[in-house]
Amino acid sequence: MLEVQELAVRYGKHIALAGPSLKVSPGEIVVILGANGAGKSTLLKAIAGVCEGQATGAVSVSGEPVLGLPPHKVVERGIALVPEGRGIFGELTVRENLMLGANPQRAREEVEARFEQLTRLFPKLNDRARQVVRTMSGGEQQMVAIGRAMMSNPEILMLDEPSLGLSPLLAKELFQTLKKVRETGLGILVVEQNAKLSLGIADRGYLLENGRILREDRASVLLHDPAVQAAYLGGA
Ligand code: ATP
């Protein structure tokens with residue numbers, strides 16, 4: 001379980017996050033919606049220990065505090081971030097990228113078993129294991145990025161705008177992929193501009209505006225709420 005309590009982040013004088021609190025339970029997909037500049041990326045980066053700003057508040061995984069730890073220690077506590085732009089190595093093969101994900105101490109045992117579990121979930125990763133990643137489509141590369149994060153044996157998987165740059169069809173496939181990941185028992189925290197698709201698969205959602213949480217509800221409630229539709233779904 002990921003717990004964020006009153007997380008505040010400032011970049012110099014600019015307050016990017018004004019103390020939101022949230023939770024992600026095992027086997028739950030939670031989506032954060034918000035306009036550009038709302039603080040969505042800052043939230044994920046601060047949790048992952050890769051934020052340049054000054055952070056205060058508390059973040060814990062299964063009761064263990066993580067805020068302020070360097071990124072590799074946050075990974076060791078069970079948090080994996082798939083950053084915006086994916087952060088994978090284009091010149092390496094799919095398998096090489098996935099194996100790099102298994103570098104943390106917590107992931108070094110049963111690497112092959114985890115690889116097999118992953119390829120059962122996403123057979124394409126096995127079929128393409130020897131392919132150089134830069135030659136793959138955007139959707140396939142996103143799958144590699146998710147796979148690499150899962151190889152670190154996380155409890156919580158965080159994704160920053162995973163559908164960015166994907167066609168509508170590939171974005172849809174990507175979110176189906178996340179549903180499969182949820183079945184493995186991981187908690188998933190996803191920041192997204194595509195409100196319709198993400199709320200369509202999520203369990204709960206938070207609306208973030210100017211670094212504050214305006215509202216929290218079940219995803220199905222948010223998806224059908226006229227005010228949410230007007231603000232985040234283009235009136236759809
Ligand atoms: P987007 O969808 O556009 O990425 P976001 O909701 O992810 O937006 P953040 O990237 O978290 O928003 O940015 C929140 C605020 O903090 C913005 O006003 C942004 O300009 C500012 N900010 C983000 N990173 C930095 C930084 N490294 N230095 C200074 N200000 C920053």
Side-chain angles (χ1 to χ4, degrees), residues 2-24 29-59 66-72 74 79-88 138-139 141-142 145-146 149 156-168 170-171 174-175 178 187-202 204-217 219 222-223 227-236:
L2 171 72
E3 273 190 280
V4 174
Q5 284 166 316
E6 298 183 10
L7 179 60
V9 176
R10 54 166 70 227
Y11 298 104
K13 284 189 178 159
H14 178 75
I15 296 175
L17 277 186
S21 298
L22 58 95
K23 281 183 191 175
V24 182
I29 300 179
V30 173
V31 61
I32 309 279
L33 300 177
N36 285 335
K40 304 181 301 294
S41 295
T42 296
L43 173 68
L44 297 194
K45 286 183 187 167
I47 295 171
V50 294
C51 181
E52 292 164 0
Q54 279 179 295
T56 57
V59 178
V66 299
L67 191 65
L69 294 180
H72 68 277
V74 178
I79 294 186
L81 171 65
V82 180
E84 196 175 326
R86 304 178 192 126
I88 45 179
Q141 291 191 18
Q142 191 59 261
I146 294 171
I156 301 288
L157 182 67
M158 303 196 298
L159 303 104
D160 196 352
E161 303 274 1
S163 78
L164 207 69
L166 300 186
S167 68
L170 286 180
L174 169 81
F175 282 102
L178 292 186
I188 301 174
L189 180 60
V190 57
V191 153
E192 254 297 330
Q193 296 268 351
N194 192 327
K196 200 171 180 180
L197 272 181
S198 55
L199 285 176
I201 59 137
R204 283 187 306 117
Y206 293 88
L207 309 185
L208 191 68
E209 202 175 287
N210 293 324
R212 286 188 170 79
I213 288 182
L214 281 189
R215 193 167 157 196
E216 182 232 329
D217 216 324
L222 294 174
L223 189 58
V228 176
Q229 288 178 350
Y232 301 99
L233 297 161

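Everything numeric here is computed off the predicted structure, so don't read it as measured data. In what follows, residues are counted from 1 in the order of the sequence shown. Just so you know, ligand 1 is whichever comes first in the structure, and atom 1 is the first atom listed for that ligand.
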Given His14, Arg10, Lys40, identify the one with the heavy atom nearest to atom 2 (O) of ligand 1.
Lys40
Answer yes or no: does an N/O atom from Leu43 fall short of 3.5 Å to an N/O atom of ligand 1?
no
Is a donor on one side and an acceptor on the other found under 3.5 Å between the side chain of Arg204 and the backbone of Lys23?
yes
Side chain Gln54, main chain Val9, donor-acceptor under 3.5 Å
no
Going by the order shown, which atoms of ligand 1 are within less than 4.0 Å of some heavy atom of Ser41?
4 (O), 5 (P), 7 (O), 10 (O), 11 (O)
Which atoms from ligand 1 have a heavy atom of Ala16 less than 4.0 Å away?
15 (C), 16 (O)
Of all the non-hydrogen atoms in the protein, which one sits nearest to atom 3 (O) of ligand 1, and at what distance?
Asn36 OD1, 3.3 Å
Going by side-chain contact (heavy atoms from CB on, under 4.5 Å), Ile32 matches just one of Asp160, Leu22, Val190, Leu207. Which one?
Leu22
Heavy atoms of other groups near Arg212 CZ, more than 12 under 6.0 Å
no
What is the closest protein heavy atom to atom 11 (O) of ligand 1, and at what distance does it sit?
Thr42 OG1, 2.5 Å
Between Gln142 and Val82, the two heavy atoms sitting closest are OE1-CG1, 3.5 Å
How about CD on Gln5, more than 12 heavy atoms from neighbouring residues, nucleotides or ligands closer than 6.0 Å, or not?
yes
Donor-acceptor pair, Ser163 side chain versus Leu166 backbone, under 3.5 Å?
no
Identity and separation of the nearest protein heavy atom to atom 23 (C) of ligand 1
Tyr11 CE1, 3.4 Å
Would you say Glu161's side chain and Gln193's backbone share a donor-acceptor pair under 3.5 angstrom?
yes
Is the shortest distance from atom 19 (C) of ligand 1 to a protein heavy atom below 4.0 Å?
no
So is Gly12 close enough to ligand 1, meaning a heavy atom under 4.0 angstrom away?
no
Only heavy atoms of Gln193, strictly under 4.0 Å: list the atoms of ligand 1 that pass.
2 (O)
From Gly211, Gly37, Cys51 - option closest to atom 1 (P) of ligand 1 by heavy atom:
Gly37
Output yes when a side-chain donor or acceptor of Lys40 lies under 3.5 Å from a complementary backbone atom of Ala35, and no otherwise.
yes
Does ligand 1 have any atom sitting under 4.0 Å from a heavy atom of Lys45?
no
Report the distance from atom CG of Leu178 to atom CD of Glu192, rounding to the nearest 0.5 Å.
9.0 Å
So the atoms of ligand 1 within less than 4.0 Å of a heavy atom of Ala35 turn out to be 6 (O)
What protein heavy atom sits nearest atom 27 (N) of ligand 1, and how far off is it?
Glu52 OE1, 2.7 Å
Gly39 versus ligand 1: do any nitrogen or oxygen atoms come within less than 3.5 Å of each other?
yes
Backbone or side chain, does any N or O of Glu84 fall under 3.5 Å from an N or O of ligand 1?
no
